[in-house]
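Quick notes on the structure that follows.
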2 protein chains.
Amino acid sequence: MDESKIVEVQKASQLLKLLGDKTRLTMMKLLQTHDCCVCEFVEIFKMSQPAISQHLRKLRDVGLVKEERRGQWIFYSINNKHEDYRFVESILNHLPEQDGLVDELEVQGLRISCN
Amino acid sequence: MDESKIVEVQKASQLLKLLGDKTRLTMMKLLQTHDCCVCEFVEIFKMSQPAISQHLRKLRDVGLVKEERRGQWIFYSINNKHEDYRFVESILNHLPEQDGLVDELEVQGLRISCN
DNA sequence: TGTTTATATAAGCATATGATTATATAATAT
DNA sequence: ATATTATATAATCATATGCTTATATAAACA
């Protein structure tokens with residue numbers, strides 16, 4: 001009752017279903033602190049490139065993430081302008097940091113950075 | 001980061017998947033304020049009794065709800081002792097009250113009350 | 001220009017999900 | 001004891017989901 005922003009049940013269940021997948025939920029948590037490109041996700045999740053692309057598409061289709069080309073890579077980032085961003089954020093804030101996953105990439109020299 | 005209780009991603013995604021269904025999410029929101037029996041849900045959701053029973057079973061299987069027999073009815077209630085109750089609660093708190101659904105039952109004389 | 005690299009999309013497939021119908025169980029009412 | 005009422009479970013089925021493989025696209029590079 002005290003929560004800042006009200007989300008209609010229909011909308012909320014749609015968002016929860018999207019987040020109700022381990023891969024996508026981890027992606028979102030990661031994106032809270034790091035923009036990532038597709039190939040980084042492929043490494044992190046040890047999952048095929050199409051599989052990753054398809055998860056990102058679902059997140060993008062509802063506007064939870066944005067894509068932006070940087071050089072030869074396409075980077076994904078959290079869309080904090082999303083109408084229900086506060087709702088999503090409050091969920092992600094209950095999850096443990098996933099920075100370790102990105103750190104591993106760094107160690108392996110697989111982290112993409114193009115600023 | 002400021003959220004009280006940390007939920008592992010695996011566990012969180014499982015819970016979110018459960019809540020990522022309009023019927024179950026509404027059930028949980030309703031149960032925040034009213035214990036309900038199966039036949040009330042059947043009326044509220046205009047859904048078959050087995051369909052309702054199966055949704056409740058999923059919620060019960062992960063311990064989000066408890067069941068208790070009262071006379072000829074079996075009432076369901078929120079299990080606020082659930083390990084991740086705070087997490088779930090914080091989600092439900094973003095949703096609009098669903099009391100109207102129970103009020104309708106009352107009007108139709110279909111509200112079950114046995115105290 | 002042609003090749004490589006990064007990503008997206010399409011088609012196909014196995015499994016998961018949510019509903020239905022039919023039936024079982026268990027308490028209540030007659 | 002039997003019938004009724006409330007609920008659960010099982011079997012079935014259509015649709016959704018998430019992955020794979022194959023292919024398209026589009027920028028970067030030689």
Side-chain angles (χ1 to χ4, degrees), chain A residues 9-10 13-28 31 35-77 105 109-115, chain B residues 9-10 13-28 31 35-62 64-77 105 108-115:
Chain A
V9 175
Q10 169 68 52
S13 62
Q14 186 203 359
L15 292 172
L16 295 173
K17 177 172 290 183
L18 264 179
L19 297 180
D21 174 278
K22 193 169 187 280
T23 303
R24 286 191 297 267
L25 188 60
T26 309
M27 279 176 167
M28 288 296 289
L31 290 176
D35 293 3
C36 289
C37 67
V38 179
C39 60
E40 289 177 316
F41 281 132
V42 169
E43 273 305 318
I44 289 171
F45 293 108
K46 311 288 183 216
M47 205 174 278
S48 77
Q49 176 268 316
I52 295 294
S53 265
Q54 285 163 33
H55 280 301
L56 287 168
R57 176 144 72 122
K58 290 186 183 186
L59 293 174
R60 201 188 39 194
D61 281 352
V62 299
L64 286 179
V65 303
K66 295 176 299 185
E67 64 171 41
E68 176 203 356
R69 179 172 284 275
R70 296 188 204 162
Q72 63 190 127
W73 298 283
I74 292 179
F75 274 74
Y76 281 83
S77 57
L105 279 194
L110 295 171
R111 176 88 175 130
I112 308 289
S113 46
C114 50
N115 308 309
Chain B
V9 175
Q10 171 66 53
S13 62
Q14 186 203 358
L15 292 171
L16 295 173
K17 178 173 289 184
L18 263 180
L19 298 179
D21 174 278
K22 193 169 186 281
T23 302
R24 286 191 299 265
L25 187 60
T26 309
M27 279 176 166
M28 288 296 291
L31 291 176
D35 293 3
C36 287
C37 67
V38 178
C39 61
E40 290 175 316
F41 282 132
V42 168
E43 273 304 317
I44 289 173
F45 294 107
K46 311 290 185 214
M47 206 174 279
S48 75
Q49 176 267 317
I52 296 294
S53 264
Q54 286 163 37
H55 280 302
L56 287 168
R57 176 143 72 125
K58 290 184 184 189
L59 293 174
R60 201 188 38 192
D61 281 351
V62 300
L64 285 179
V65 304
K66 295 175 298 184
E67 65 169 43
E68 176 202 354
R69 179 173 283 275
R70 297 189 202 158
Q72 66 190 127
W73 300 282
I74 292 178
F75 274 74
Y76 282 83
S77 57
L105 279 194
Q108 297 174 262
L110 295 171
R111 176 88 175 129
I112 309 290
S113 44
C114 49
N115 307 309

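Because the structure is a prediction, the values reported are computed rather than measured. Atom set for the values below is all heavy atoms of this structure, side chains included, hydrogens, waters and symmetry mates excluded. Below, chain A is the first sequence line, B the second, and so on; all start at residue 1.
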Margin query: Distance check needed: C:dA8 P versus A:D61 CG, whole Å only.
Written below: 11 Å
Next item on the list: Determine whether any donor atom in the side chain of B:Q49 lies under 3.5 Å from an acceptor atom in the base of D:dA8, or the reverse, and answer yes or no.
Entry: yes
Notebook entry, point to check: If we only count heavy atoms from C-beta on, is the B:Q49 to B:S53 side-chain gap below 4.5 Å?
Noted result: yes
Next item on the list: To the nearest Å, give me how far apart CG (B:L59) and P (D:dA8) are.
Entry: 12 Å
Next item on the list: Assign B:K17 to base, sugar-phosphate, or nothing according to its heavy-atom contacts below 4.0 angstrom with the strands shown.
Entry: sugar-phosphate
Margin query: Using only atom types and a distance under 3.5 Å, with no angle test, would you say the side chain of B:R24 pairs donor to acceptor with the backbone of B:T26?
Written below: no
Note to self: Both A:R69 and B:R60 contact DNA chain D. Which one's nearest nucleotide lies toward the 5' end?
What the structure shows: B:R60
Checklist line | Side-chain ion pair, B:R70 and B:E68, N-O less than 4.0 Å | finding: yes
Item checked: Nearest-neighbour nucleotide for the B:S53 side chain, C:dA6, C:dA8, D:dT9 considered -> D:dT9
Margin query: Using whole Å, what does the distance between atom C1' of nucleotide C:dA29 and atom CD of B:Q72 come to?
Written below: 9 Å
Next item on the list: Nearest-nucleotide wise, let me know which of A:T23 and B:I52 is further upstream toward the 5' end of DNA chain D.
Entry: B:I52
Notebook entry, point to check: Between B:H55 and C:dT17, is there a side-chain N or O to OP1/OP2 distance below 4.0 Å?
Noted result: no
Note to self: Measuring from the side chain of A:P50 (C-beta onward, heavy atoms only), which nucleotide among C:dA6, D:dT7, C:dA10 has the closest atom?
What the structure shows: C:dA10
Checklist line | Which nucleotide in D:dT7, C:dT9, D:dT9 has an atom nearest any side-chain atom of B:R57 | finding: D:dT9
Notebook entry, point to check: Which nucleotide, C:dA19, D:dG18, C:dT7, lies nearest any side-chain atom of A:R24?
Noted result: D:dG18
Item checked: Spacing between A:E43 atom CD and C:dT7 atom C1', to the nearest angstrom -> 15 Å
Notebook entry, point to check: A:E67 side chain: which of D:dC19, C:dA8, C:dA27 is closest?
Noted result: C:dA8
Item checked: Distance in angstrom units between B:L56 CG and D:dA6 C1', rounded -> 13 Å
Notebook entry, point to check: Which nucleotide in the list C:dA19, D:dA8, C:dT7 gets nearest to the side chain of A:V38?
Noted result: C:dT7
Margin query: So if I take every side-chain heavy atom of B:K58 and compare against C:dT17, D:dT17, C:dA8, which nucleotide ends up nearest?
Written below: C:dT17
Margin query: Tell me the interatomic distance from A:W73, atom CH2, to C:dT4, atom C1', rounded to whole angstroms.
Written below: 13 Å
Item checked: CG on A:D21 to NZ on A:K58, rounded to 0.5 Å -> 7.5 Å
Notebook entry, point to check: Taking the side chain of A:C37 as its heavy atoms from C-beta onward, which of D:dC19, C:dT9, C:dT7 lies nearest to it?
Noted result: C:dT7
Margin query: Nearest 0.5 angstrom please: B:T23 OG1 to B:I52 CD1, how far?
Written below: 6.5 Å
Note to self: Measure CE/A:M47 against P/D:dT21 and give the value in whole Å, please.
What the structure shows: 14 Å
Checklist line | Selected nucleotide, minimal atom distance to B:Y76 side chain, candidates D:dA8, D:dG18, C:dA8 | finding: D:dA8
Next item on the list: Tell whether A:Q54 reaches the base of D:dT20 with its side chain through a donor-acceptor pair below 3.5 angstrom.
Entry: yes
Notebook entry, point to check: Taking B:F45 as the fixed residue, which of B:E40, B:H55, B:M27 is the one that meets the side-chain contact (heavy atoms from CB on, under 4.5 Å) rule?
Noted result: B:M27
Notebook entry, point to check: Please give, in whole Å, the distance from C:dA19 C1' to B:K22 NZ?
Noted result: 16 Å
Margin query: Side chain of B:I74, heavy atoms from C-beta onward: which of D:dA6, D:dT7, C:dT7 has the nearest atom to it?
Written below: D:dT7
